[in-house]
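Sequence lines set the chain letters: A, B, ... in the order given, protein chains first and strands last, and positions in each chain run from 1.
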Protein chains: 2
Amino acid sequence: MPKITFYNLSIEKREKLINAVKQEFSRVPLSQASISNIVKSARIPRGSFYQYFEDKEDAFFYLLEERVKRNQSEVYFLLNKHNGDIFEMMIAFFEKVITEQDENRNFLKNLFLNMTYEVEHEFGRSFKGYETNQQFVQFESKVNKEILHISNQDEFKYLMKILTSVLLRSIIETFSKDQSKEDALRNFKLEITLLKRGLKK
Amino acid sequence: MPKITFYNLSIEKREKLINAVKQEFSRVPLSQASISNIVKSARIPRGSFYQYFEDKEDAFFYLLEERVKRNQSEVYFLLNKHNGDIFEMMIAFFEKVITEQDENRNFLKNLFLNMTYEVEHEFGRSFKGYETNQQFVQFESKVNKEILHISNQDEFKYLMKILTSVLLRSIIETFSKDQSKEDALRNFKLEITLLKRGLKK
DNA sequence: TTGACATATGACACGTTGTCATTTAAGATT
DNA sequence: AATCTTAAATGACAACGTGTCATATGTCAA
């Protein structure tokens, strides 16, 4: 987590810093990003960076968390829009992510092509909320369970795990192969179809 | 790929080097591994390392590829053992990976908790073989398609994609949460059950 | 013995990281 | 206004890691 001093920053200075951070993580993935570049582009002395963040990772996860918060709103919105149909929500979410433009796209590309467990775990919160609160229950209540082939609470969790792992892998494939929106969507929809109807006769 | 000089090495020296490499990548994930440590533990001069490998990644992927080759044999073996039932093969493979012991386990843990796209792609070859040859067709021919709910060649590919992504995420979860073999297996089997019967009523 | 080629070696230049002693700023107190 | 106190800013620096390169050493054939 960013240090208190970060939050005490004036809006302008904070924006300047965030932009520099974003720029660096859009340029290269976390492992290749350099603090030297960030401070250079934000025009702050090196020591200052460490006044605001613990390290590279800290800055990266700050950015990621902001994105996850936006995702959560998006997920709610899409779930409502599709009347609680989780499959349709996933497809809409998939489409939204892969059509992101410009710097955001590069950030996402670097993010998805370098999905360590920690990053995946954080990103997964887009759908689950944070354990500490009741967001998962809240989320669950928005889902139309009528159409799902599950017999208990527990199975719903596994269903979500399956869906998010297929979603993630599809996004990764899209970015890695630079697939067109159309191709990517067709592939993902096909996988969802298979998932819905089952893999075994 | 390792350079020719690497393959010209005497068996003893090569073993010594490989062990040092393995040790380092069992200690920490790729991004944190250091060549300095490797050469120290292999007792070779720094320059020699670069005589054999391009860089850290090169050494890492060499190790990974060796593992993938072994996986391929294992997959064939397990597929035969279970009469072409791909679901049973997956479960058996899952069990084998998560019960790996000692240094191998640490290597795998670092591997799975830091699954970048490139690593995942390489690892995925455990099931698919290499594109350049007919291994995928060969693999496919060993699978009992009778029990699969697919209507064409193409759908089989998607089915494999789904299964491998669920398998991977399950392994990752097992390592990240340090689950017991029993818990992990129970969870994975449940997911396979859901996958088989379909997620939608 | 010599030449030609492959391999080995380790010092070095370069870049990056995180720290810390020092300076500067911002309030609070008298 | 002068002084004190605490927070924040600064940049030089030590420590470390990387990849290279000029030089040394080994090998083998002519």
Side-chain angles (χ1 to χ4, degrees), chain A residues 1-64 107 110 114 116 118-119, chain B residues 1-64 107 110 114 116 118-119:
Chain A
M1 277 201 328
K3 301 184 178 174
I4 342 95
T5 46
F6 174 73
Y7 296 103
N8 291 339
L9 245 32
S10 70
I11 310 221
E12 309 86 54
K13 203 168 179 187
R14 190 157 77 207
E15 282 297 315
K16 204 176 63 172
L17 177 53
I18 291 177
N19 280 333
V21 170
K22 204 173 204 170
Q23 192 186 325
E24 181 64 1
F25 289 121
S26 301
R27 188 181 69 83
V28 285
L30 177 55
S31 62
Q32 290 167 45
S34 102
I35 293 173
S36 297
N37 273 336
I38 295 173
V39 299
K40 209 184 298 167
S41 118
R43 302 192 194 206
I44 58 172
R46 182 171 190 78
S48 292
F49 179 90
Y50 289 94
Q51 208 77 299
Y52 310 133
F53 297 110
E54 293 290 341
D55 49 27
K56 243 197 329 188
E57 280 73 21
D58 195 25
F60 180 79
F61 276 92
Y62 168 74
L63 229 52
L64 178 55
F107 177 74
N110 288 327
N114 297 274
T116 66
E118 254 198 307
V119 173
Chain B
M1 278 199 330
K3 302 183 178 175
I4 342 95
T5 46
F6 174 74
Y7 296 103
N8 291 339
L9 245 33
S10 72
I11 309 222
E12 308 86 54
K13 203 168 177 187
R14 190 157 74 208
E15 281 298 315
K16 204 176 63 171
L17 177 53
I18 291 178
N19 281 333
V21 170
K22 204 174 203 168
Q23 192 185 325
E24 180 64 358
F25 289 121
S26 301
R27 188 182 70 82
V28 285
L30 176 54
S31 63
Q32 289 166 46
S34 100
I35 293 172
S36 298
N37 273 336
I38 295 174
V39 299
K40 209 185 297 167
S41 119
R43 302 192 193 206
I44 58 172
R46 183 171 190 79
S48 291
F49 179 90
Y50 289 95
Q51 209 76 295
Y52 310 133
F53 297 110
E54 293 291 340
D55 49 27
K56 246 197 326 189
E57 281 72 22
D58 194 26
F60 180 80
F61 277 93
Y62 168 75
L63 230 54
L64 177 55
F107 177 74
N110 288 327
N114 296 274
T116 65
E118 253 197 308
V119 174

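- Close to D/dA8, at under 4.0 Å from its OP1 or OP2, lies a side-chain N or O of A/Asn8.
- Distance OH/B/Tyr52 to CG/B/Leu9: 4.5 Å, rounded to 0.5 Å.
- For the pair A/Lys40 NZ and D/dG11 C1', the computed distance is 15 Å after rounding to whole Å.
- Under the 4.5 Å side-chain criterion, counting only non-hydrogen atoms from C-beta, B/Leu64 is in contact with B/Val119.
- Residues passing the ring pair (Phe, Tyr, Trp, His ring centres under 6.0 Å) test with B/Phe6, sequence neighbours excluded: B/Phe53, B/Tyr62.
- Atom C1' of nucleotide C/dT16 and atom CG of A/Asn37 are separated by 10 Å, given to the nearest angstrom.
- Atom pair B/Gln51:CD and D/dG19:C1' shows a separation of 13 Å (rounding to whole Å applied).
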Can you pull every protein N or O that's under 3.5 Å from an N or O on nucleotides 26-28 of chain D?
none

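- Interatomic distance, B/Ser31 OG to A/Leu30 CG, rounded to the nearest 0.5 Å: 8.0 Å.
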Hey, what are the protein-to-nucleotides 4-6 of chain D N/O distances that come in under 3.5 Å?
none

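- Closest approach of A/Phe49 and A/Ile44 over heavy atoms only: N-CD1, 4.1 Å.
- If you check every strand for non-hydrogen atoms under 4.0 Å, B/Lys3 touches nothing.
- Distance, A/Ile44 CD1 to D/dA9 C1': 10 Å, rounded to whole Å.
- In this structure, B/Ser36 reaches the D/dT18 phosphate: one of its side-chain N or O atoms is under 4.0 Å from OP1 or OP2.
- Pairs engaging residues 32-61 of chain A under the salt bridge (Lys or Arg N to Asp or Glu O under 4.0 Å) rule: none recorded [sequence neighbours left out].
- The line from CG of A/Leu17 to CD1 of A/Ile38 is 8.0 Å long, rounded to the nearest 0.5 Å.
- Here D/dT18 presents its P atom at 12 Å from CD of B/Gln32, a figure rounded to the nearest Å.
- For B/Ser34, taking side-chain heavy atoms from C-beta onward, the closest of the listed nucleotides D/dA9, C/dA8, D/dT18 is D/dT18.
- Among the heavy atoms of the strands lying under 4.0 Å from A/Thr5 are primed sugar atoms or P, OP1, OP2 only; no base atom is included.
- Going from atom OH of B/Tyr52 over to atom C1' of C/dA6 covers 11 Å, rounded to whole Å.
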Check: What is the per-nucleotide protein-contact pattern of nucleotides 18-28 of chain C, from the 5' end, where B denotes a base atom under 4.0 Å from a protein heavy atom, S denotes such proximity for sugar-phosphate atoms only, and - denotes neither?
Finding: BB---------

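- Checking D/dA9, C/dT16, D/dG17 against every side-chain atom of A/Ser48, the shortest atom distance belongs to D/dA9.
- Remark: P of C/dA8 and NZ of B/Lys16 are 11 Å apart, rounded to the nearest angstrom.
- One can place CZ of B/Phe49 at 17 Å from P of C/dG10, the figure rounded to the nearest angstrom.
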Would you mind writing out the side-chain donor-acceptor pairs for residues 22-29 of chain B within the sub-3.5 Å range, not counting sequence neighbours?
from    : atom 1 : to      : atom 2 : distance (Å)
B/Glu24 : OE1    : B/Arg27 : NE     : 3.0
B/Glu24 : OE2    : B/Arg27 : NH2    : 2.9
B/Glu24 : OE2    : B/Ser34 : N      : 2.9
B/Glu24 : OE2    : B/Asn37 : ND2    : 3.2
B/Ser26 : OG     : B/Lys22 : O      : 2.7

